[in-house]
Amino acid sequence: QVCAQLCRRPCYCPWVPPRCPRGSPLVLDGCGCCKICARRLGEPCDFLHVCDQSQGLVCDYSTAPAGTGATCNFEDDEEGCEVNGRLYRDGEVFQPSCKIRCQCLDGGFNCVPLCREDVRLPSPDCPYPRRVEIPGKCCPEWVCEAQDQHLPRDARAASPLLPYPCQEWGTEWSACSATCGVGFATRVSNQNRYCRLETQRRLCMVRPCPALPPPFPVSE
């Protein structure tokens with residue numbers, strides 16, 4: 001009965017098929033007549049506008065009020081998530097890139113980095129460490145450079161420019177060393193004229209210290 005009401009015979013379809021967004025394949029509509037873009041997870045659907053069955057999606061009317069449309073959901077009612085046009089089942093682990101690993105959880109996803117965010121401070125055997133991208137390797141690595149090897153001798157002290165781009169990097173400022181009064185906070189950063197890692201300090205004060213009572217009672 002629904003097919004007789006919504007499907008016209010013969011089929012009248014556009015000459016040019018629609019251009020679908022990434023992750024949405026071309027499929028036949030509910031009448032088996034014209035090619036349309038399959039609906040993705042969470043998108044509205046109905047008899048004509050079908051969901052992407054290759055991803056295990058069906059048109060779910062269970063959560064739709066009477067007389068309104070439905071949405072595409074997994075057939076077994078499991079939660080899922082969509083990342084870069086691809087669908088993942090609840091609990092599925094995936095890697096959008098070589099630097100992170102993610103897991104689909106309750107319609108969202110949590111990710112953890114796979115590259116270490118370690119800090120290499122200057123040392124006698126490596127006075128000028130620099131974090132660089134290595135061809136053929138996913139994670140950046142620390143390399144050691146000779147002092148001012150990229151700058152002419154007469155320009156080392158005066159020129160703040162480097163012949164290579166300096167990718168700013170640094171840790172968060174630490175907590176203030178004093179709970180009251182003036183203290184200092186520290187961080188490791190390369191935000192200086194030579195793009196070198198160094199420990200930086202700045203003054204801080206959480207709150208003023210309360211006034212101390214006199215050591216002896218004052219006699220009148």
Check this for me, if you would: do Arg101 and Glu92 make a salt bridge, where the nitrogen-to-carboxylate-oxygen distance has to be below 4.0 angstrom? no
Shortest non-hydrogen pair, Cys138 vs Lys99, comes out as O-CE, 3.1 Å
Cluster question for you: counting only ILVMFWY and a side-chain heavy-atom cut-off of under 4.5 Å, with indirect links fine, are Val188 and Trp142 together? yes
Looking at every heavy atom in both Gln95 and Cys98, which two are closest together, and how far apart are they? NE2-CA, 4.0 Å
Side chains of residues 10-25: which donor-acceptor pairs under 3.5 Å do they make with residues two or more places apart or in other chains?
| unit_1 | atom_1 | unit_2 | atom_2 | d |
| --- | --- | --- | --- | --- |
| Ser24 | OG | Ala38 | N | 3.4 |
| Ser24 | OG | Ala38 | O | 2.4 |

In terms of heavy-atom contacts, does CD of Glu133 have more than 12 from other residues, nucleotides or ligands at under 6.0 Å? yes
So do the side chains of Val27 and Val50 get within less than 4.5 Å of each other, counting heavy atoms only? yes
How would you list, by chain and number, every residue that makes a side chain to side chain donor-acceptor pair (under 3.5 Å) with Asp29, sequence neighbours excluded? none
Inter-residue atom distance Cys72.SG - Gln55.CD, 0.5 Å rounding: 11.5 Å
Taking every non-hydrogen atom, the tightest pair across Ile36 and His49: CD1-CA, 3.9 Å
Intermediate values then yes/no, side chain to side chain contact (heavy atoms under 4.5 Å, CB included), Asn73 and Leu41: CA-CA 6 Å; Asn73 201 351; Leu41 180 66; 4.1 Å; yes
Between Trp173 and Arg202, is there a cation-pi geometry (under 6.0 Å to ring centre, at most 45° from the normal)? yes
As an exercise, state the distance from CG of Leu28 to CG of Leu48, rounded to the nearest 0.5 Å. 12.0 Å
Hits for side chain to side chain donor-acceptor pair (under 3.5 Å) against Ser177, two or more places apart or cross-chain, chain-then-number order -> none
Quick one: are Cys102 and Tyr88 in side-chain contact, heavy atoms under 4.5 Å? no
Test disulfide (SG to SG under 2.5 Å) on Cys59 and Cys51; report intermediate values, then the result. CA-CA 6 Å; Cys59 200; Cys51 302; 4.7 Å; no
Salt bridge (Lys or Arg N to Asp or Glu O under 4.0 Å): which pairs involve residues 37-54, sequence neighbours left out? Arg40-Glu43, Arg40-Glu82
Could you tell me which residues satisfy side chain to side chain donor-acceptor pair (under 3.5 Å) with Thr186, sequence neighbours excluded, listed by chain and number? Ser174
Where Cys126 and Pro129 come nearest, the two heavy atoms and their spacing: O-CD, 3.6 Å
Apart from Ile134 itself, what residues make up its hydrophobic cluster when side-chain heavy atoms of I, L, V, M, F, W and Y under 4.5 Å apart count as a link, directly or indirectly? Val132, Val143
